[in-house]
Amino acid sequence: MPHSATEQAIAAARAYESLYVPAIFAQWPSKVLAAAQVRPGQRVLDVACGTGVLARAAAEAVGPGGRVTGLDANPGMLAVAEHLSPEVTWKQGLAESLPFPDGSFDVVVSQFALMFFRDRPAAIREMCRVLSSGCTLAVAVWDSLEHSELYPEEVALLEEMAGPEAGAAIRAPFVFGDTVELASLFEKAGVRQVGVTTHHGRARFPSVRALVEADLRGWLPIWDVHLDDEHIERILTRAEDVFARWTTPNGSLEFDSPAHIVTGRVP
């Protein structure tokens, strides 16, 4: 049982890697790297890399002649990332103040993190700063809650059974539904040739319980929403019925998961 803050952070990162990465995130690196046109030999930065699923794929894409760096603010995430891929350079830091010289990279990528940055324009400007002139960035964000499957139902369920703060925690990743506003955010930060494409992924969890319990025990506490075991069990029991339409015959949970990938270049 982890006791120190570091041990707790590493345990949480391991749980993230074992559940969320295969269920949601592992399908997206190929799309992001294709959008960024990553080639062998390039220098790539993955901003807010988490446990490194995108950085690992980038390392394969650039090959031995390239170089990949993953940056994240969370030391637990970085500890797990380094254990999985010691050949990648892992660096702790913030997206709003990247600890790299100007023009250090040929490509900057980021996957499902922009919505959580405290200063999104500053983070995008920093991505531009560390790119060499004429080089490319690609950033993935989730589509709106209304365009997603299952999650609107989870928000409604949690608002009813756990209060508005719990519902707001699930809403938090889905703030970039308007593609015009999304493109404008990048253009105002100095990105040129901005394009936004929408892709449809497929979320696959081993069960209803696996998704909902992970959100209640892992995601909600990040937003300072804490539920006791009895409360969690009541929600899990109700969720089995609410999410029945997305449950497969073998008991797994599958649903559409749309996202936007923003691409652009620095002058």
Side-chain angles (χ1 to χ4, degrees), residues 25 27-50 52-63 66-73 77 81 88-143 173 175-199 201 258-267:
F25 299 117
Q27 64 193 293
W28 289 98
S30 60
K31 297 178 176 67
V32 174
L33 298 178
Q37 300 179 0
V38 172
R39 302 185 304 276
Q42 289 186 313
R43 303 164 299 165
V44 178
L45 171 65
D46 178 9
V47 178
C49 61
V53 63
L54 179 55
R56 292 195 294 271
E60 291 186 12
V62 302
R67 174 170 57 86
V68 175
T69 302
L71 174 133
D72 202 276
M77 292 286 189
V88 173
T89 300
W90 305 103
K91 183 83 171 179
Q92 187 172 358
L94 298 175
E96 296 87 347
S97 55
L98 295 174
F100 308 107
D102 296 358
S104 298
F105 299 95
D106 305 306
V107 179
V108 172
V109 292
S110 184
Q111 180 170 291
F112 305 119
L114 178 65
M115 47 279 209
F116 303 120
F117 295 160
R118 292 182 179 179
D119 189 335
R120 296 164 187 159
I124 298 170
R125 288 194 296 270
E126 279 290 273
M127 293 181 197
C128 292
R129 180 185 65 78
V130 301
L131 275 170
S132 295
S133 179
C135 288
T136 306
L137 62 80
V139 177
V141 298
W142 296 118
D143 198 348
V175 297
F176 284 123
D178 189 321
T179 56
V180 174
E181 289 185 6
L182 181 59
S184 177
L185 175 67
F186 280 77
E187 290 164 351
K188 289 178 180 178
V191 183
R192 299 293 178 261
Q193 301 176 39
V194 174
V196 181
T197 57
T198 302
H199 300 259
H260 306 305
I261 298 178
V262 185
T263 55
R265 295 182 179 276
V266 298

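If you read the sequence from its start, that first residue is 1, and numbering goes on from there.
Relative orientation of the His199 and Trp28 rings is perpendicular, given thresholds of 30° and 60° on the angle between their planes. Taking the six-membered ring where tryptophan is involved, the planes of Phe112 and Phe25 are tilted, since the angle between them lies from 30° to 60°.
The neighbour count for Lys91 NZ, taken as heavy atoms of other residues, nucleotides or ligands under 6.0 Å away, does not exceed 12. At most 12 non-hydrogen atoms from other residues, nucleotides or ligands lie less than 6.0 angstrom from CD of Gln37.
To the nearest 0.5 Å, atom CD1 of residue Ile124 and atom CG of residue Asp119 are 9.5 Å apart. Expressed to the nearest 0.5 Å, how far OG of Ser97 lies from CZ of Arg129 amounts to 9.0 Å. Atom-to-atom distance recorded for Asp106:CG and Thr136:OG1 is 9.0 Å, nearest 0.5 angstrom. For the atom pair Lys188 NZ and Glu181 CD, the distance stands at 8.5 Å (nearest 0.5 Å). The distance from atom CE of Met127 to atom CG of Leu114, rounded to the nearest 0.5 Å, is 6.0 Å. In this structure, Arg39 CZ and Leu33 CG are separated by 12.5 Å, a value rounded to the nearest 0.5 Å.
The backbone N or O of Leu185 lies less than 3.5 Å from no partner atom in the side chain of Arg120, so there is not a single donor-acceptor pair. Counting only distance, with no hydrogens or angles, the side chain of Thr198 and the backbone of His260 share no donor-acceptor pair below 3.5 Å. Under a 3.5 Å cut-off, the side chain of Ser110 and the backbone N or O of Val47 do form a donor-acceptor pair. No side-chain donor-acceptor contact under 3.5 Å links Gln193 to the backbone of Gly264. Remark: the backbone N or O of Gly103 is paired with a side-chain donor or acceptor of Ser132 at under 3.5 angstrom. A donor-acceptor contact shorter than 3.5 Å is absent between the side chain of Arg192 and the backbone of Gly134. Side-chain atoms of Glu96 do not come within 3.5 Å of backbone N or O of Ala122 as any donor-acceptor pair. The backbone N or O of Gly190 sits nowhere less than 3.5 Å from a side-chain atom of Arg125 that would complete a donor-acceptor pair.
Counting all heavy atoms, side chain and backbone alike, Leu98 lies closest to Leu45 at CD1-CD2, 4.1 Å. Heavy atoms only, all atoms of each residue included: Asp46 and Ala55 are closest at OD2-N, 3.3 Å. Contact record, Trp90 with Gly52: CH2-CA, 3.7 Å, taken as the closest heavy-atom pair. When every heavy atom of Val32 is checked against every heavy atom of Ala138, the shortest pair comes out as O-CB, 3.8 Å. Residue Gly177 comes nearest to Asp143 through the heavy atom pair CA-OD1, 3.6 Å, listed as atom of the first residue, atom of the second, then distance. Closest heavy-atom contact between Val88 and Gly70: CG1-N, 4.0 Å.
For the pair Val196/Phe186, no side-chain contact is recorded, criterion being any heavy-atom separation below 4.5 Å from C-beta on. When side chains are defined from C-beta on, Arg67 counts as touching Phe105, because their heavy atoms get closer than 4.5 Å. Residues Leu71 and Pro99 meet the side-chain proximity criterion, which asks for heavy atoms closer than 4.5 Å.
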Assess whether side-chain contact (heavy atoms from CB on, under 4.5 Å) is satisfied between Val53 and Gln111, documenting all intermediate values. CA-CA 9 Å; Val53 63; Gln111 180 170 291; 3.8 Å; yes
Candidate pair Phe176 and Val262, rule side-chain contact (heavy atoms from CB on, under 4.5 Å), full reasoning: CA-CA 11 Å; Phe176 284 123; Val262 185; over 6 Å; no
If you apply the rule side-chain contact (heavy atoms from CB on, under 4.5 Å), what do you find for Cys128 with Val191, and how did you get there? CA-CA 7 Å; Cys128 292; Val191 183; 3.5 Å; yes
